[in-house]
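Below: one structure, written as structure tokens.
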Amino acid sequence: MSHETPLQLLLIEDTEADALLIRRQLEQAGMNARIQRADRMESVAEALEEDAWDAVLYDYTLPGMHFGDTIELLRAKRPELPIILVSGTVSEEMAITLLSHGLNDFVLKDSLLRLPGVIRRAVENASERTRRKAAEEQLRKLAMVVEQSPTSIIITDTTPAIEYVNQAFVDTTGYTREEVLGRNPSILNRGQTPQETYAELWATIAQGLVWKGEFRNARKDGSTYLEMATIAPIRQPDGRITHYVAVKTDITELRDSEARIHRLVNFDDLTGLPNRALLLDRLKQAGLTVHRTGRHGMILVLDVDGFKFINDMHGYQAGNGVLDSIAARLIHTLPEHSTIGRIGANRFAVVVEDLSRQHDRAAAQAHDLAERLHEQLGEPHFIDGVEGSVRHATTMGLYLITREREKPDRLLNKAEIALQRARDDSRNTWQFFNPEMQALVEQRSHLEAGLHQALENREFKLFYQSHFDADGKLTGAEALLRWFRPDGEIVAPDRFIPLAEETGLILPIGEWVLEEACRQLRDWSANPETSDLCISVNISARQFHQPSFVDTLVQKLEAFEVEADHLVLELTESVVLKNLLEAEERMQAIRGLGVRLALDDFGTGFSSLSYLQHLPFDILKIDRSFVSNMTSDNSSAAIVRATIAMGHALDLKVTAEGVEMPDELDLLRRFGCDAYQGFLFAHPVAAEHWTLTNATML
Ligand code: C2E
Ligand code: CA
Ligand code: CA
């Protein structure tokens, strides 16, 4: 034993000779021990502060020490420490009584031979007790953890019959322990978990492996819940599987919130349609399908024009109602497996698959579909809470999905580019994206680069196109902007005005146009032949809605001493509809200055006189698309005739734009049109070429 760490023995003994005897006895028995003697209560207490004792040897008859107190002290400080009574004066019967006081053993001084064995046994017993206690403590903790775990825990034997369930199981399922012990866990199964799940579960644990999966189980009251389960076999030390343990978490709520998040992330709140994110995902699928089947697909993007106007005019509820109504019509009109998404405030997108394999045939199908949609969406919407009906125009951009693998955002982007093209070209309500269109996009950025320097480099010029009254008398001209690029290209306003509008460059450009027109009016006023002529200036939306617009106008009129009634400002419907209330106020202010207002391009927008009649216009200009169709198409003629009559009823002078043919002029005259403008009379020309010779009616 000498190689072991020595036993630490505390010897409570007053007689030095007895202590020696004990030492010797232990040495002779070959026991490696360090013995410390204490003979007073204080020294015992002090010794107990050290933690290292293995056993206490105690002489019962110690003068000045009370046995009971000492034992109490020992037990209080070191409950596990074995105490062995070593005494010469205690009868064995008495020693037995003392054992009941917490002594572990006793040895009479005349049989000290026994002492080493007694010490060894006591020490071993004590350490075994400690070990067992620690193990019990650990088990107790484990049991508590299992019992109080927030996840359900079920232990079964291999039949499988339930042997144990914890409190969480009871709480989750509503079954008491008594109701489930000894039964098969399948009592929770009401057939809502697929059969394959069980097959897979048994196949897995039969191999001794851990299985993870989901059950849809039923509580005692019949309500169902979704749980995530891990089921593992329990092996004995010899490897035999005797039990299974299932750890299960109720994930019903988790799944619900997952579903909620999924909805929020992927669907538009208002219409319940997929949003941009989900639409892109569907586009990706469509791309794959097209690639696999060779059948074309289509992405169509659609804007509800004047949506802001609907909101302003009828309120948000009505706006939402219109969106809902549009969603319903899209669903109704499109093939069953199409995806319809709302990807912006007033923008929808549609993905259609299964078009023809032939490119031109697919294009025709896409075209037909766009036409059908346009027709459907052109019908008025009847919205709860709105008197009468609501109408809106629609602009669409289309792109055919081919087998070329294109990224979903590229596909959407191309349809949106086509949409922008359709928007820029007021005669088309929809447009295809095609390679040429891409070139246009590039051209656009080239234009934009040049536009920034154009004013500074004096590349702009105003052209003038004459106006005539019903008697053929020249009354003035419309100022039309031309951009002469340094490379010799002359850029038409239709190509750069929208761009200038987007970039904000329209503000300085528009101000320059206004100033140039005022300068021209001043020049004309000096000559009696031209002093009565008026100039019409086109005003863009951004320019008109700029807060300083009226101030700038006043400033120009004053600077060039222009008579206000010689100036006409032309506004389109979309300009005033951007903000109806503000527009009305601003128009009143302009009217107050004596400047007149013309409604430009009438017929291409909402063309709803019911709201236009509240706006202080003086002149109504019928769009040239109606004029040019008038002689070939009865309905155009009817529209022109009605517009003229309506304009007169509202006390407006009506001008016809784009008069090219004598027939058109005849018809317009018969309808009572007040004024004319068009190539039939004059093309727009630079001021220096604008002579009174071109100012006579044919
Ligand atoms: P708009 O205000 O409708 O101007 C009339 C357009 O029709 C002009 O095109 C004119 O050249 C064209 N036009 C006139 N008579 C005929 C005809 O008999 N047949 C045909 N086919 N066309 C005719 P332009 O000059 O290319 O201007 C296009 C548009 O650009 C204008 O349409 C106007 O909206 C805008 N614009 C032109 N100048 C300005 C400007 O200074 N400021 C703003 N904001 N816009 C301008
Ligand atoms: Ca105009
Ligand atoms: Ca016009």
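From a predicted model like this one, the values you see are computed outputs, not experimental measurements. We count ligands from 1, going down the list as the structure has it; atoms in each ligand are counted the same way.
- Using a 4.0 Å heavy-atom criterion, the residues that approach ligand 1 are Gln465, Glu478, Leu480, Leu481, Arg482, Pro493, Asp494, Ile497, Val513, Asn538, Ser540, Asp600, Asp601, Arg624, Glu657, Gly658, Val659, Glu660, Gly678, Phe679, Pro684.
- Evaluation of the side-chain contact (heavy atoms from CB on, under 4.5 Å) rule for Ala675 yields Thr655 as partners, not counting sequence neighbours.
- Restricting Glu478 to its N/O/S atoms, the shortest distance to the Ca ion (ligand 2) is reached by OE2.
- Heavy atoms from other residues, nucleotides or ligands lying under 6.0 Å from CD of Glu489 number more than 12.
- The number of heavy atoms from other shown groups lying within 6.0 Å of CG (Asp651) does not exceed 12.
- Atom CD of Glu371 sits in a crowded spot, with more than 12 heavy atoms from other residues, nucleotides or ligands closer than 6.0 Å.
- A donor-acceptor distance shorter than 3.5 angstrom exists from the side chain of Asp618 to the backbone of Leu597, with no hydrogens or angles considered.
- With Asp623 contributing its side chain and Phe626 its backbone, the two residues share no donor-acceptor pair below 3.5 Å.
- Taking the six-membered ring for Trp, Phe617 and Phe602 have ring centres at least 6.0 Å apart.
- Neighbours of the Ca ion (ligand 3) restricted to protein N, O or S atoms under 3.0 Å: the count is 4.
- Within the 6.0 Å centre-distance limit, the rings of Phe681 and Phe468 are counted as a close aromatic pair.
- With sequence neighbours excluded, no residue forms a ring pair (Phe, Tyr, Trp, His ring centres under 6.0 Å) with Phe382.
- The 12-atom threshold is exceeded at CD of Glu582, counting heavy atoms of other residues, nucleotides or ligands nearer than 6.0 Å.
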